[in-house]
Protein chains: 2
Amino acid sequence: MTCSLSSLCLPLSLNLEEIDKLDKIIKRRQALKKGDHLFRQGDNFESIYAVRSGSLKSYIMTNNGEEQITNLHLPSELVGLDSIDCKSYPISTKALETTSVCEIPYSNLQELYTKLPDLRSQIFSCMSKELRDDKQMMLLLSKKNAEEKVASLLANLSARFKRRGYSPYTFRLSMSRNEIGSYLGLAVETVSRVFTRFQSMDIIAVNGKEIHIANKNQLLKIADLNDYLVAIDKKSIAS
Amino acid sequence: MTCSLSSLCLPLSLNLEEIDKLDKIIKRRQALKKGDHLFRQGDNFESIYAVRSGSLKSYIMTNNGEEQITNLHLPSELVGLDSIDCKSYPISTKALETTSVCEIPYSNLQELYTKLPDLRSQIFSCMSKELRDDKQMMLLLSKKNAEEKVASLLANLSARFKRRGYSPYTFRLSMSRNEIGSYLGLAVETVSRVFTRFQSMDIIAVNGKEIHIANKNQLLKIADLNDYLVAIDKKSIAS
DNA sequence: AAAAGTAGTTGAGCTATATCAAGTTTTTGA
DNA sequence: TCAAAAACTTGATATAGCTCAACTACTTTT
């Protein structure tokens, strides 16, 4: 019944008693089906979540009904850190496929911060990392062209899959072309065209949502507009 | 010699003894001149900072030498929250004008978290807010056009000045047109043209870096692509 | 106070990507 | 398993904003 958060999402050095304290507050939620909301903008904020399996997108709706995806959440990642001082969630989060999550009621988590300083540090660390990722996303959105954006996304996904023990070369996109466009600030058609172009350049092989990275170096070269974060990705997916 | 952080940057309900504990770890840094770095990407991370007066920009450099501004820091705001689990700063931060800051050595701050849970919550809250601001920035960068971007920036600055007791209608931009472009993902020329257009529409009056907002409603209307954050701004600068 | 540099503005033309349109493939669900 | 809908692809065209260029107005230096 434990979520094994301690090893997967929050790699902590806790003793058994401490792990037990943490596990006690964690609830297992029923699996979400594709399209189900984990929460909607405006819902009362009570909990943060850790993704166990599947994937989620967080998004804001603009007045004219367009959706801006702000996060793609994969297993072991935390959802809702941007809400912890709000009465209600400022964004919506929905499942991209069948997805299971652990629910961590935030008031309970908060009570543990004093007793478990390592846990507290870990949450600080997750938030700080999300801030860094956001800055990279801003760079991507404002300075990269369509090819660089798509290459960056694929390199980033590859690194994240690798970190969790999956192949960095072959994986399945849980986002539609439309959602990729929304995430990267591109029209669907442009995403589609870049995929076609990358295929004809033998950089990737695409079959619907299945992606195979055929030429990692070339992909990284295209993605590589800035030194810092891509350097991390490079290490992560280096053969 | 105190930074009065307790009232300005971190509105806490601490008793005198607690305030004293916090003040003890805070160092006053010598004022930075325009263009001075507070820290550079790669410098050892030791401290976060609170802006006392003036303003700073945080930025990433791309491989081809372009700079992406990721934050504009005004007085009472914290700098460096995206670095707290890093050995070295992942970005650079430099003064846009003569600027004074308080230095808060992070290891000392961390030691206070257990004794002062309110302080800890306050830092969590600042990070969470920065995450929300980042998501709004992503929306701006990927969905807004040039006019909406500039209007959003002006509305946002207006709200931030108002919150600190300054006029929400007349203020001075500390960023150059070039920096505004870098921040908003626009070319300098486009920023300049939008300023000219807004002037001819009598929405603002511009004199170099001095801005006067002449038609707040119109400005908000143009900025207003999404409900959530602009709603906050609206309240803040509503006459 | 002149000179030299830097920042800002304005215009003209170009280009990357959006938009529109039409077709194809995949998914869904009755 | 077939029909309808949704997702994806490809082509043609439009356009917002970029780039290049020239000019003007500040700032800084000496």
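Here is the naming used below: chain letters follow the sequence lines, and residue numbers restart at 1 for every chain.
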| task | Using a 4.5 Å cut-off on heavy atoms from C-beta on, say whether the side chain of A:T99 contacts that of A:V51. | result | yes
| message | If you define the side chain from C-beta out and look only at heavy atoms, does anything of B:T170 sit under 4.5 Å from B:F161? | response | no
| query | Parallel under 30°, tilted from 30 to 60°, perpendicular over 60°: which one fits the rings of A:H212 and A:Y169? | reply | tilted
| field | Heavy-atom protein contacts under 4.0 Å, nucleotides 6-24 of chain D, coded B base, S sugar-phosphate only, - none | value | --SBBBB----SSBB----
| Starting at CZ of B:R172 and ending at P of C:dA7, how long is that distance when rounded to a whole Å? | 13 Å
| query | Does one side chain, of A:S47 or A:E103, offer a donor that lies under 3.5 Å from an acceptor on the other? | reply | yes
| field | Side-chain heavy atoms of A:F171 within contact of A:E210, under 4.5 Å | value | no
